[in-house]
Amino acid sequence: MYRHLELRLAETISAFLKARFPAATLPAVVIEQPPKVELGDFAIPMFPFAKPLRTAPLKVAESIRDGIGVIEGIAQMTVAPPGYLNVTVDRVWMAAALASGQLLPAPGAAGKILVEHTSINPNKAAHIGHLRNAILGDTFVRLLRYAGREVDVQNYIDNTGVQVADVVVGFTYLEKKSRAEIEALTRQPRFDYYCWDLYARVSQWYERDKQNLQARAQVLHAIEDVSSETAAIADLISTAVVRRHLETMDRLEIEYDFLPRESEILHLHFWNAAFSKLKDAGVLTFETEGKNKGCWVMRRAGTEENTDNTERVEIEAEGLRIDTYASRNTEPTAVRATHIPTGTFVTSDTERTQHKNRERAMELLRSRLAEIKAEKISEEHQKVIVRSNGTVGYVGKDIAYHMWKFGLLGRDFGYRKFYRYPDNHDCWISTTEGEKNHPHFGDVAEIYNVIDTRQSEAQSTVIEALRELGHNEAADHYTHFSYEMVALTPRCAAELGYELSEEDRARSYIEVSGRKGFGVKADDLIDQLIASAKKEVDSRHPQLTDSERLSIAAQIAIGALRYFMLKFTKQSVIAFDFKDALSFEGETGPYAQYTVVRATSIFKKAGIDPEAFAKEAQGSMSSKHFGSFLNGENGDEFWGLWLTAAKTSYVVDQCVAATEPAYLAKHAFQLAQLFNTFYHRHPILSEADEGRRKFLLITVAIVRRELIRILEVMGITVPPVM
RNA sequence: GGGCGCGUAGCUCAAUUGGAUAGAGCACGGGAUUUCUAAUCCCGGGGUUGCAGGUUCGAUCCCUGCCGCGCCUACCA
């Protein structure tokens, strides 16, 4: 609603200025928000117009104010120093529009969107870092859907790598378990925890004796034969762990549509199809010498093709040795200059004097060093896609996979059903030969990959490959949704019983590591949050049954966790600490949930259904009456609440455009905060004035409805009581 | 060495992407009509936005150079 009016205002002013000053070329009208409600609802800086119009900013503002006439939904315009045109919305008009509850039609961007997130290696339990990924990804999916887009959710499963092989090594070499025994273990409730410990043990075992790495090589080799016992064990383990990951994420209301697996990318020869296209387009080149001899390489993303290095190389005196010797004639005029650090040397004997030979040798040495440097750079700029033994690396497979995503590969997966959610939604998984009837995945218009910032370079390389293949449009619609990692504070690590080095203790955070088994497991954290919430609920609502209290505690725990992961902007490293994560007060999910519960309890006490009341709200009060409150004594306060509620779709647009869900978290908190102040200041049910009571109730109904909607986009539901 | 990112209150983070007096939460100190349940609200102290320049009507934000920190920089996935 707010956004709609903003756009209309910008258009009207732009048209007015164009008509008024036909000769001038004017910049676009920018609309901002004033820092205070009293100043108005929109602020338009006049500074950019001052120069082209040769008029003082304040004068421009005045001419717009006096000349523009009536705009629907706008009540007044004021001029404010040092050069703003402040615009006040017709509060009654906007409130009526909001109360009507109709959502504006979505901008109508066509085409399906594919969001990929989670993608945990299926060899261990999910940890807090994975939670950030999944919660960011899932919330972004909800944001896109709120904005009216069609979205498929994928979770990529890398089930062929060394990590899975390592766990196989653990089971077969360290634990000497048979296939049947392992199969029995996979049916344990938290099989992924078992793998977590085992994986860490295997890493230690490798470290103790490098010879042990041979076990990994053997397992990797054995897995290649799909019919082998080892391959069956690897599949058993990875599939069981994937199922556990889905269960963990299901606890947080996170669902997937499709799980593409790396094993099918290999077995269905996606790479072969991609390889021939990449060769034909000249994206890959075959190296015949140098350190990458025998490999197919690609230019690394973000590097320049042209590396002619003409800049002068400086040679320091201590790195240089000059020898003179005699050649041809008896005079020692020939010079050999050696660059000691690199061992590079040149000789010169063509000049007549030693002095001249020395000068020439220096020049030769400089250019030789420059050449070496240039060669080195170009090698550094190479990314190996196909190894000299003919196998393809991770980036190559990723290129093929992304060609599939955009429907550019000419091949498809087989599909079968893998996991059914409580709401009967099916999650599909890739197979070589699948079921006949399956949904159509891939072939999408836009993709978002939620992957942490450490993978930025690999992601750019894939985008670059698409671009060089000539698929510019696909490359333009490929977004790496990049975010920073979750680390542990030294205090948190100490609490968990890890021994820290002096160095680590001094850091502000320490990176988690699955390989070392160092981190906080997702299910452990969820369990702790639930236990902590349950304690509160137990003491507050002893009259409820235990299962009721448990379900409320679970909702609160999820609210706390999801909000915690969303309130930080993507670029900020989350230094995880139990104290902050387990907090239910202040800027937290439970604060927002509690706000809704408060609103609900008003209606409960009054015996009114809040939903029905919100629907009727529009017609049940005259606009004159409405206006008397919105423009009256506490008008600014009431209006601030209404206006914030109206901004939701505007904030959602911002979140999508900037791939930044944190804006929505801030918005939820702001609205909740405004409501709580309002709640405290204005008793409603005891209000004697019938009309005023009704207005306050309508306000509560609208804010409640909006807040529920916002929380839903964040994947947070609200318990009946708290 | 190169690439990306960060540096804001005691701590953890914001700042509508260049706008009006840099804001929240936590922590700390003080207070709130016994109610629509206090998982709440109000008040208070706290800041040379790492340092030095530059760009302009205006810089936490853009540019340059330093200082400090993190990540990436494998024929591993």
Side-chain angles (χ1 to χ4, degrees), chain A residues 30 32-36 39 43 45 47-48 50-51 57 80-84 86 121 158 160-165 262 291-297 300-303 377 380-381 383-389 391 393-395 397-398 452-458 460 482 484-485 487 489 507-509 511 533 536-537 540-541 556 560 567-569 571-575 577 579-580 583-588 590-591 593-595 597-606 647 650-651 654 658 662-663 666-667 669-670 673 676-677 679-687 696-697 700 721-722:
Chain A
V30 176
E32 293 168 359
Q33 289 163 47
K36 285 185 198 165
L39 292 170
F47 312 107
K51 224 170 212 173
Y84 289 97
N86 288 337
N121 287 332
D158 180 1
T160 65
V162 292
Q163 311 90 341
V164 174
E262 182 151 295
K291 86 171 171 154
N292 293 333
K293 183 176 175 181
C295 299
W296 287 87
V297 303
R300 199 179 283 279
T303 58
I377 285 169
E380 265 172 21
H381 286 193
K383 178 73 198 166
V384 172
I385 305 297
V386 181
R387 302 178 194 113
S388 56
N389 66 6
T391 58
Y394 166 73
V395 177
K397 282 178 267 188
D398 220 22
D452 77 60
T453 180
R454 287 172 292 196
Q455 301 260 15
S456 293
E457 196 175 285
S460 327
S482 155
E484 265 293 355
M485 62 183 174
T489 60
R507 293 173 199 266
S508 52
Y509 52 82
E511 195 173 350
E536 284 292 324
V537 179
R540 285 161 202 250
H541 303 284
I556 293 169
K567 76 174 179 182
F568 301 91
T569 51
Q571 304 272 39
S572 130
V573 177
I574 297 182
D577 200 320
K579 183 174 113 353
D580 295 335
S583 164
F584 297 154
E585 287 165 21
E587 194 189 342
T588 65
Y591 175 88
Q593 290 171 311
Y594 182 67
T595 307
V597 169
R598 280 185 139 174
T600 308
S601 70
I602 296 173
F603 286 98
K604 213 181 275 171
K605 190 96 171 190
K647 278 181 185 170
Y650 171 76
V651 174
Q654 280 185 319
Y663 297 158
K666 279 279 174 300
H667 178 63
F669 179 62
Q670 206 190 341
Q673 217 175 19
N676 278 320
T677 308
Y679 173 92
H680 191 260
R681 219 176 277 174
H682 307 283
I684 294 164
L685 296 181
S686 60
E687 174 59 53
L696 293 175
L697 262 178
V700 175
V721 293
M722 276 178 79

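Note on naming: letters A, B, ... go to the chains in the order of the sequence lines (proteins, then strands), and numbering restarts at 1 for each one.
An OP1 or OP2 oxygen of B:A39 is reached within less than 4.0 angstrom by a side-chain nitrogen or oxygen of A:R540. One finds no side-chain N or O of A:Y509 lying less than 4.0 angstrom from the OP1 or OP2 phosphate oxygen of B:C71. Within the 4.0 Å cut-off from OP1 or OP2 of B:C41, not a single side-chain nitrogen or oxygen of A:R681 is found. For the pair A:S572 and B:C6, the criterion of a side-chain N or O lying under 4.0 Å from OP1 or OP2 is not met.
With rounding to whole Å, A:K383 atom NZ is found 13 Å from B:C72 atom P. We find that CZ of A:F568 is positioned 17 Å from P of B:C6, with the value rounded to whole Å. If you measure from atom CZ of A:R454 to atom P of B:C76, you get 20 Å, rounded to the nearest angstrom. Separating the OH atom of A:Y679 from the C1' atom of B:U33 is a distance of 14 Å, rounded to the nearest angstrom. Regarding A:Q455, its CD atom lies at a distance of 13 Å from the C1' atom of B:U73, rounded to whole Å. Taking atom NZ of residue A:K51 and atom P of nucleotide B:G58, one finds them 10 Å apart after rounding to whole Å. Between the CD atom of A:E687 and the P atom of B:C36 there is a distance of 13 Å, rounded to whole Å. Whole-Å rounding puts the A:F603 CZ to B:C36 P distance at 15 Å.
Taking the side chain of A:Y650 as heavy atoms from C-beta on, and the options B:C72, B:U16, B:U40, the nearest nucleotide is B:U16. Minimum atom distance to the side chain of A:L685 is reached by B:C36, of the listed B:C36, B:A38, B:G19. For A:S601, the listed nucleotide lying nearest its side chain is B:C36; candidates were B:A74, B:C36, B:A39. Of the candidates B:A32, B:C42, B:A39, the closest approach to any side-chain atom of A:T677 belongs to B:C42. Nearest to the side-chain atoms of A:Y591 among the listed nucleotides B:U40, B:U16, B:U37 stands B:U40. Looking at the side chain of A:V537, the nearest of the listed nucleotides B:G5, B:C75, B:A39 is B:A39. Among B:C36, B:C75, B:U73, the nucleotide with an atom closest to any side-chain atom of A:R300 is B:U73. Checking B:A39, B:C41, B:C76 against every side-chain atom of A:Y594, the shortest atom distance belongs to B:A39. Nearest to the side chain of A:Y663, among B:U17, B:C41, B:U12, sits B:U17.
Taken to the nearest 0.5 Å, the OG atom of A:S482 stands 10.5 Å off from the CZ atom of A:R454.
Side-chain contact between A:F603 and A:L697 is present, with heavy atoms from C-beta onward closer than 4.5 Å. Residues A:N676 and A:H680 form no side-chain contact, since every pair of their non-hydrogen atoms from C-beta on lies 4.5 Å or further apart. Residues A:Y679 and A:I602 meet the side-chain proximity criterion, which asks for heavy atoms closer than 4.5 Å. No side-chain heavy atom of A:F568 sits less than 4.5 Å from a side-chain heavy atom of A:V573.
With both ends at atom C1', the span from B:G44 to B:A9 equals 14 Å, rounded to whole Å. Distance noted for atom P between B:G7 and B:U60: 14 Å (whole Å). Using P as the reference atom, B:U35 and B:U21 are 45 Å apart when rounded to the nearest Å. Separating the P atom of B:U40 from that of B:C63 is a span of 41 Å, rounded to the nearest Å. Atom C1' of B:C76 sits at a distance of 27 Å from the matching atom of B:C69, rounded to the whole Å. With C1' as the reference atom, B:U8 and B:A59 are 14 Å apart, rounded to whole Å. The gap from the C1' atom of B:C6 to that of B:A39 amounts to 34 Å, rounded to the nearest Å. Using atom P as the reference point in both B:C11 and B:U48, the two lie 13 Å apart (nearest Å).
The aromatic ring of A:F47 sits over the base of B:C57, with ring centres less than 5.5 Å apart and planes inclined by under 30°.
Take A:N292 and apply the side chain to side chain donor-acceptor pair (under 3.5 Å) test, not counting sequence neighbours, and it matches A:Q382.
Across all strands shown, B:C28 forms a Watson-Crick or G-U wobble pair with B:G44, both key distances being under 3.5 Å. Under the Watson-Crick or G-U wobble criterion, with both distances below 3.5 Å, B:U33 has no partner in any strand shown. Under the Watson-Crick and G-U wobble criteria, each requiring two contacts below 3.5 Å, nucleotide B:A15 is left unpaired. With a cut-off of 3.5 Å on both pairing distances, the Watson-Crick or G-U wobble partner of B:G5 is B:C69. Checking B:U56 for Watson-Crick or G-U wobble geometry (two distances, each under 3.5 Å) identifies no partner in any strand. Nucleotide B:U21 forms a pair with no other nucleotide shown, judged by Watson-Crick or G-U wobble geometry with both contacts under 3.5 Å.
Counting any heavy atom pair closer than 4.0 Å across all strands shown, A:V164 reaches no nucleic acid atom. Here A:K647 lies out of heavy-atom contact (under 4.0 Å) with every strand. Using a 4.0 Å heavy-atom cutoff across all strands shown, A:I385 reaches no nucleic acid atom at all. Across all strands, A:A658 comes closer than 4.0 Å to base atoms (heavy-atom distances).
Residue-to-nucleotide proximity on RNA chain B shows that, of A:F584 and A:G161, the 5′-proximal contact is made by A:F584. Positionally, the nearest nucleotide of RNA chain B for A:P590 lies more toward the 5' end than for the other of A:P590 and A:N389.
With respect to the salt-bridge test (charged N to carboxylate O, under 4.0 angstrom), the residues A:K579 and A:D577 do not qualify.
Glycosidic torsion of B:U8 falls outside 90° of 0, placing the base in anti.
Between the side chain of A:H541 and the backbone N or O of A:M722, at least one donor-acceptor pair lies under 3.5 Å.
Remark: the A:Q33 side chain and the A:Y650 side chain contain an N/O donor-acceptor pair separated by less than 3.5 Å.
For B:C71, the base has no donor-acceptor partner in the side chain of A:T453 [N/O atoms by modelled type, under 3.5 angstrom].
Outside the 6.0 Å centre-distance limit, the rings of A:Y591 and A:F584 are not counted as a close aromatic pair.
A:E587 pairs in a side-chain hydrogen bond (donor to acceptor under 3.5 Å, both in side chains) with only one of the listed residues (A:K666, A:K567, A:Q670), which is A:K666.
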### Query
Could you run down nucleotides 20-31 of chain B 5' to 3' and tag each one B, S or - for protein heavy-atom contact under 4.0 Å?
BB--SSS-----

